[in-house]
Amino acid sequence: MISIKDEIAKILDDKITGLSYEEILDIIEIPADPKMGDYAFPCFRLAKQFKKAPQMIAEEIKGDIESADIFEKTENVNAYINMFISKEYFIKNVLSEVAKKQEKYGSSDIGAGKKVIVEYSSPNIAKPFHIGHIRSTVIGNSIYKIQEFLGYDTVRINHLGDYGTQFGKMIVAYRKWGNEEDVVKEPIKTLLSYYVKFHDEAEKNPELEDEARKTFVKLENGEPEETELWKWFREESLKEFTRVYEMLGIEFDSYAGESFYSDKMDRVVKELEDRNLLKDSNGAKIVDLEEYGLTPALIKKSDGSTLYITRDIAAAIYRKEHYDFYKNIYVVASQQNLHFQQWFKVVELMGYEWAKDCVHIPFGLVSLEDGTMSTRSGRVVFLEDVLKRAVLKTREVILERGVNTDIADDISKKVGIGAVIFQELSNNRIKDYTFSWEKVLNFEGETGPYVQYTHARAASILRNSEKEFDTALKEIDDTDFSYLTGEASYMLAKLIYGFPDVVKESGERYEPSIITRYIVDVAQMFNRFYHDEHILVDDEKERKAKLLLVFAAMETIRNGLGLLGIEAPDRM
RNA sequence: GCCCUUGUAGCUCAGUGGAUAGAGCAAUGCUCUCCUAAAGCAUGUUAGCGGAGGUUCGACUCCUCUCAAGGGCACCA
């Protein structure tokens with residue numbers, strides 16, 4: 001696709017002395033109101049340099065460029081040079097590009113040959129997968145998809161919380177009160193009940209804590225019995241997590257969790273010692289970070305055991321050596337900001353220049369209407385329940401609308417789950433929010449179902465005129481795009497044109513909501529076009545041109561939804 | 001006490017220096033003999049962007065101070 005902005009920059013660069021091509025490119029903007037043009041070049045910045053009033057400069061430059069054939073017209077308004085692009089030229093440019101790229105439209109190869117690791121989801125074994133976990137899971141998945149679309153080689157890592165003293169507790173509790181059948185039947189719930197019981201009992205009988213610690217040491221030392229139990233807990237938990245991942249359509253390349261690094265931590269401690277970074281403090285070993293304005297990083301407890309900061313450092317080193325990443329991304333709650341700042345700094349002090357390539361992508365907190373979530377007190381909303389209810393609600397709506405029952409199941413899954421994901425990815429990830437059933441089950445306005453519905457409408461039109469659309473695609477060079485210069489169709493084409501930049505921006509900022517917002521805009525504009533203009537008109541040339549626009553809108557929405565991890569059903 | 005984040009319409013949120021600050025929800029009215037009404041259209045002197053200073057030709061956007069809410073601050077992860 002021809003970059004219109006580049007074309008304009010070239011034209012301006014020929015006429016303006018004293019500004020580089022890049023500077024010009026940087027100044028060109030898109031006016032807030034399309035009535036003011038497709039692109040604008042504000043001249044205020046040039047006033048000092050040229051020692052002239054901005055209005056005059058604008059007038060002169062305008063005179064120099066107005067004859068260029070990509071412009072329909074140019075205007076000078078309050079020192080802005082407003083440029084109107086020739087509509088047919090513009091539309092042809094965009095629609096040809098979408099027709100050529102199709103499911104690849106919006107993608108890029110800027111990441112070619114570079115490896116990006118995305119760590120996300122990372123639930124704790126034997127603990128419920130609740131609504132709080134949706135954030136890392138869904139945001140991380142979308143970030144992975146966006147990076148991949150930008151051409152990066154990606155590795156998806158689920159850094160399971162499968163290690164630590166808690167497993168000593170679990171093993172002790174299981175041996176005391178557990179039973180195999182219950183665990184197999186309902187692993188998470190059962191294991192959690194053991195865990196809760198352990199804490200209750202430990203209050204009366206503190207020796208249990210000791211026993212748990214000793215048991216964890218046995219596990220660390222690879223004692224067969226403990227290892228066997230631990231493996232079993234892990235597998236049973238994973239089965240349950242996998243069920244949710246399947247519903248969400250999420251996969252991982254690696255489930256190397258905390259336990260995977262258990263034998264890789266001595267090396268970290270040794271390197272820290274060799275570099276004289278470790279200090280004794282109240283019997284514990286720390287890295288003092290005071291001169292960087294951070295509290296100390298606790299590497300080893302006074303009892304000699306390690307902490308998760310050490311595991312994260314070991315994991316990062318392993319990943320660098322094993323994958324040689326270009327970026328190492330952690331999609332983890334903002335509560336852990338300090339933790340990441342600390343260990344990124346420690347890795348830097350260890351002399352690893354790649355410390356700068358590690359990025360923490362924080363996100364805000366989810367709370368419930370009656371307060372923060374608490375597993376122990378039962379104040380928790382299970383993610384699986386949310387997904388199931390969304391699917392059920394969708395099914396009701398579908399049946400009301402008289403959709404064929406044999407496709408109802410498939411569609412209600414795609415739409416229901418899509419609604420939940422879409423909602424999650426609608427706002428800037430840093431915002432906190434309160435979970436509400438009413439909100440997650442609302443399907444009107446700026447929601448997933450709205451966008452999917454728009455896509456289904458477009459798909460339906462193309463289905464109804466399949467053969468004609470095929471020939472329109474083949475004969476795209478002969479298309480008369482003047483039929484698409486109406487307000488809604490031209491604005492729609494302009495929006496579609498912006499998709500590749502939107503993908504890049506959301507990739508650079510690790511912000512999926514940019515795409516969510518954008519596809520809502522595309523859907524809104526498509527719906528306006530759909531109402532304003534009849535698409536399957538009698539005139540063949542007009543019909544073909546319109547079909548190409550419908551196709552471009554549909555592809556853009558479909559590709560955008562794909563980047564969010566949401567399916568785009570062809571009918572609903 | 002220190003550090004981080006957030007504070008924009010009744011509600012939920014967009015808007016990472018540029019032209020009169022935008023959506024959705026909620027409210028009222030209208031549009032299905034016409035490509036799917038999970039849609040579209042119209043109606044708000046709806047907020048001057050928590051507050052005060054400053055930088056800039058220009059600030060919701062950058063800086064300083066301040067208020068409020070959330071999170072974090074060593075042997076949990």
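None of these values were measured; they are calculated from a predicted model. Every chain is numbered from 1, with letters handed out A, B, ... down the list of sequences.
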Ion pair A:E348/A:K345, N-O distance below 4.0 Å:
yes
Below 4.0 angstrom from OP1 or OP2 of B:rC57, is there any side-chain N or O of A:K48?
yes
Please determine if a side-chain N or O atom of A:K285 lies less than 4.0 Å away from the OP1 or OP2 oxygen of B:rC75.
no
Separation of B:rG70 atom C1' from A:L365 atom CG, nearest Å, is 8 Å
State whether A:E75 and A:K62 are salt-bridged, where the test is any N-O pair (Lys NZ or Arg NE/NH1/NH2 against Asp/Glu carboxylate O) under 4.0 Å.
no
Give, ordered by number, those residues of residues 123-132 of chain A having at least one heavy-atom distance below 4.0 Å to an atom of RNA chain B; if nothing qualifies, reply none.
none
Expressed in whole Å, how much space separates the P atoms belonging to B:rC49 and B:rG7?
14 Å
Between B:rU61 and B:rU6, how far is it from one P atom to the other, in whole Å?
13 Å
What I want to find out is whether A:E508 reaches A:K504 closely enough, with some N-O distance under 4.0 Å, to be called a salt bridge.
no
Which whole number of Å gives the distance between the C1' atom of B:rU36 and that of B:rU31?
16 Å
What integer number of Å spans the P atoms of B:rU56 and B:rG51?
23 Å
I need the full list of ring-ring contact (aromatic ring centres under 6.0 Å, His included) pairs touching residues 34-62 of chain A, with sequence neighbours left out, sorted by first then second residue.
A:F44-A:Y80
The criterion is salt bridge (Lys or Arg N to Asp or Glu O under 4.0 Å); which residues satisfy it with A:R213, sequence neighbours excluded?
A:D210
Please enumerate all residues that pass salt bridge (Lys or Arg N to Asp or Glu O under 4.0 Å) together with A:D312, with sequence neighbours excluded.
none
Among all residues two or more places apart in sequence or in another chain, which pass the side chain to side chain donor-acceptor pair (under 3.5 Å) test with A:R311?
A:E258
Can you tell me if A:D538 has over 12 outside heavy atoms packed within less than 6.0 Å of its CG?
no
What one-letter contact string describes nucleotides 31-37 of chain B from 5' to 3', where B marks a base within less than 4.0 Å of any protein heavy atom, S marks contact via sugar-phosphate atoms alone, and - marks no contact?
---SBBS
According to side chain to side chain contact (heavy atoms under 4.5 Å, CB included), who are the partners of A:K279, at least two apart in sequence or on a separate chain?
A:I286, A:D288
What form does the base of B:rC63 take, syn (within 90° of 0) or anti?
anti
Could you state the atom-to-atom distance from OH of A:Y195 to C1' of B:rA77 in whole Å?
9 Å
Just N and O in the side chain of A:K301: are any of them under 4.0 Å from OP1 or OP2 of B:rC76?
yes
Of all residues at least two apart in sequence or in a different chain, which pass the salt bridge (Lys or Arg N to Asp or Glu O under 4.0 Å) check with A:E505?
A:R509
Please work out if A:I430 contacts a base, only the sugar-phosphate, or nothing of the nucleic acid, heavy-atom cut-off 4.0 Å.
sugar-phosphate
Within the structure shown, what part of the strands sits under 4.0 Å from A:Y450 by heavy-atom distance: base, sugar-phosphate, or nothing?
sugar-phosphate
Across all strands shown, which nucleotide pairs with B:rC65 by Watson-Crick or G-U wobble geometry, both distances under 3.5 Å?
B:rG51
Among residues two or more places apart or on two chains, list those pairs meeting ring-ring contact (aromatic ring centres under 6.0 Å, His included) that have a residue in residues 420-444 of chain A.
A:F435-A:W437
Taking pairing as Watson-Crick or G-U wobble with both contacts under 3.5 Å, can you name the mate of B:rC73, or confirm there isn't one?
B:rG1
What is the base-pairing partner of B:rU45, counting Watson-Crick and G-U wobble geometry with both distances under 3.5 Å?
none
Check this one for me: any side-chain N or O of A:N282 less than 4.0 Å away from OP1 or OP2 of B:rA74?
no
Regarding A:S302, tell me which of base, sugar-phosphate or nothing describes its non-hydrogen contacts under 4.0 Å with the strands shown.
base
Whole angstroms only, please: what is the CG-P distance between A:L46 and B:rU56?
19 Å
Heavy-atom nearest nucleotide on RNA chain B for A:T394 versus A:K439: which residue maps closer to 5'?
A:K439
So A:A47, base contact, sugar-phosphate only, or nothing? Heavy-atom distance under 4.0 Å.
nothing
How does protein reach along nucleotides 19-24 of chain B, written 5' to 3' as B (base within reach of a heavy atom under 4.0 Å), S (only sugar-phosphate), or - (no contact)?
BB--BS
I want to confirm an ordering. Mapping A:P449 and A:R528 to their closest nucleotides on RNA chain B, which one lands closer to the 5' end?
A:P449
Examine the base of B:rA74 for any acceptor or donor lying under 3.5 Å from a partner atom in the side chain of A:S281, and report the outcome as yes or no.
yes
Here the salt bridge (charged side-chain N to carboxylate O under 4.0 Å, His left out) pairs for residues 123-133 of chain A, sequence neighbours left out, are none
Syn or anti for B:rG72, taking syn as within 90° of 0?
anti
Using a 4.0 Å heavy-atom cut-off across all strands, classify A:R45 as base, sugar-phosphate, or nothing.
base
Categorize A:L294 for me: base, sugar-phosphate, or nothing, with a 4.0 angstrom heavy-atom threshold over every strand shown.
nothing
Residues which pass salt bridge (Lys or Arg N to Asp or Glu O under 4.0 Å) with A:D266, listed by chain and number, not counting sequence neighbours
none
Separation of A:Q423 atom CD from B:rU12 atom C1', in whole Å?
9 Å
Using a cut-off of 4.0 Å on non-hydrogen atoms, how would the nucleic acid contact of A:K300 be classed: base, sugar-phosphate, or nothing?
nothing
Can you label the angle between the A:F340 ring and the A:W343 ring as parallel, tilted or perpendicular, going by 30° and 60°?
tilted
Watson-Crick or G-U wobble partner of B:rA39, both distances under 3.5 Å
B:rU31
